[in-house]
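What follows is a single structure, written as structure tokens, with notes after it.
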Amino acid sequence: MMIGYARVSTDDQSAGLQIDALRNSGCQKVYQDLGAPGGLPSRPALGRALRALKRGDTLVVWKLDRLGRSLAHLISLITELEASGVGFRSLSEAIDTQSASGRLLFHVMGALAEFERSLISERTRAGMAAAMVRGKAIGRPSKLSPAQIDAACRELLQRGRNLRDVAHELSVSPPTLKRALALMSPR
């Protein structure tokens, strides 16, 4: 059985073009998410479509970008489908994982996605190293100033106060205060 999936990003868009193309390609059932941006982690109709698929079925989309948030997300979804014995077709890109050329194209896309991820990772590491050389702090700013940490340390050591109470007064969690104290202590 061929099952279609259509998605539009905003409520004022129409999925009509996608639905017509899916039905004309032979889809017996079409699931659609309306007003669901691609970056949305949960798309109810996509979940229903994926649950409806059985071994030997084919998931069909009008265009690749209707299915996944990113190339990596697409690769992950299509790999899961393939492992379940479910085929995949994209009408606009003429990809059909049930044919040799469609599987080849899919694997080339996967290799390109992996290459893209490694380039992003390399650029991120290089940018962080350059920022550290320039003296920039990397990571999230501390919730506590050095003065607050010193005061908390005095409260805990000299006055014997409870870590939870001191953290509450500083509007942070006890683990946050504990980490801050550990970073400030001499090694």
Under a plain distance cut-off of 3.5 Å, with no hydrogens placed, do Glu82 and Thr97 share a side-chain donor-acceptor pair? no
Would you say Ile3 ends up clustered with Leu77 if hydrophobic residues are merged whenever their side chains have heavy atoms under 4.5 Å apart, either directly or through other cluster members? yes
Closest heavy-atom pair and its distance - Val86, Lys54: CG2-O, 3.5 Å
Shortest non-hydrogen contact between Arg43 and Leu67, atoms and distance: NH2-O, 2.8 Å
Criterion side chain to side chain contact (heavy atoms under 4.5 Å, CB included) on Thr79 and Phe88, from CA distance to verdict: CA-CA 10 Å; Thr79 301; Phe88 172 76; over 6 Å; no
Nearest 0.5 Å please: distance from the CD atom of Gln158 over to the SG atom of Cys153. 8.0 Å
In short, Leu177 meets Ala152 closest at the heavy-atom pair CD1-CB, 3.8 Å
Using a 6.0 Å cut-off, check whether atom CZ of Arg164 has over 12 heavy atoms from anything other than its own residue. no
Test item: Gln18 and Val30 side chains (from C-beta on) under 4.5 Å apart, heavy atoms: no
Taking Ser14 for the side chain and Gly16 for the main chain, is one N or O donor matched with an acceptor at less than 3.5 Å? yes
Exercise: identify the closest heavy-atom pair between Ile95 and Gly102: CG2-O, 4.2 Å
State yes or no: do Ile19 and Trp62 share one hydrophobic cluster built from I, L, V, M, F, W and Y residues joined by side-chain heavy-atom distances below 4.5 Å, directly or via other members? no
Locate the shortest heavy-atom distance separating Gln32 from Ala15; write the atom from each residue and the value. OE1-CB, 3.6 Å
Spatial distance of atom CG (Asp150) from atom CZ (Arg154) [nearest 0.5 Å]: 6.0 Å
Taking the side chain as C-beta and beyond, is there a heavy-atom pair between Leu50 and Leu59 under 4.5 Å? yes
With a 4.5 Å limit on heavy-atom distance, are the side chains of Leu22 and Tyr5 in contact? no
With no hydrogens and no angle check, is any side-chain donor or acceptor of Asp57 less than 3.5 Å from a backbone partner on Met1? yes
Quick one: does Gln148's side chain have a donor or acceptor within less than 3.5 Å of a partner on Leu170's backbone? no
Going through the distances and angles, do Glu122 and Arg125 end up as a side chain to side chain contact (heavy atoms under 4.5 Å, CB included)? CA-CA 5 Å; Glu122 282 179 24; Arg125 283 193 305 274; 3.7 Å; yes
Identify, with sequence neighbours excluded, every residue that meets salt bridge (Lys or Arg N to Asp or Glu O under 4.0 Å) alongside Arg159. Glu155
Leu53 reachable from Val60 in the ILVMFWY side-chain graph, under 4.5 Å edges: no
Assess whether side chain to side chain contact (heavy atoms under 4.5 Å, CB included) is satisfied between Leu91 and Asn24, documenting all intermediate values. CA-CA 11 Å; Leu91 301 176; Asn24 289 338; over 6 Å; no
Side-chain touch Arg7/Leu46, heavy atoms, less than 4.5 angstrom: no
Validation row: Leu181, Leu163 side chains within 4.5 angstrom (heavy atoms): yes
Could you grab the distance from atom CD of Gln98 to atom CZ of Arg103, nearest 0.5 Å is fine? 8.5 Å
What about Leu104 and Leu112, same hydrophobic cluster or not, with Ile/Leu/Val/Met/Phe/Trp/Tyr joined at side-chain heavy-atom distances under 4.5 Å? yes
Report the distance from atom OG of Ser90 to atom NZ of Lys63, rounding to the nearest 0.5 Å. 8.5 Å
Please round to the nearest 0.5 Å and tell me the distance separating atom CG of Leu183 and atom OG of Ser142. 8.0 Å
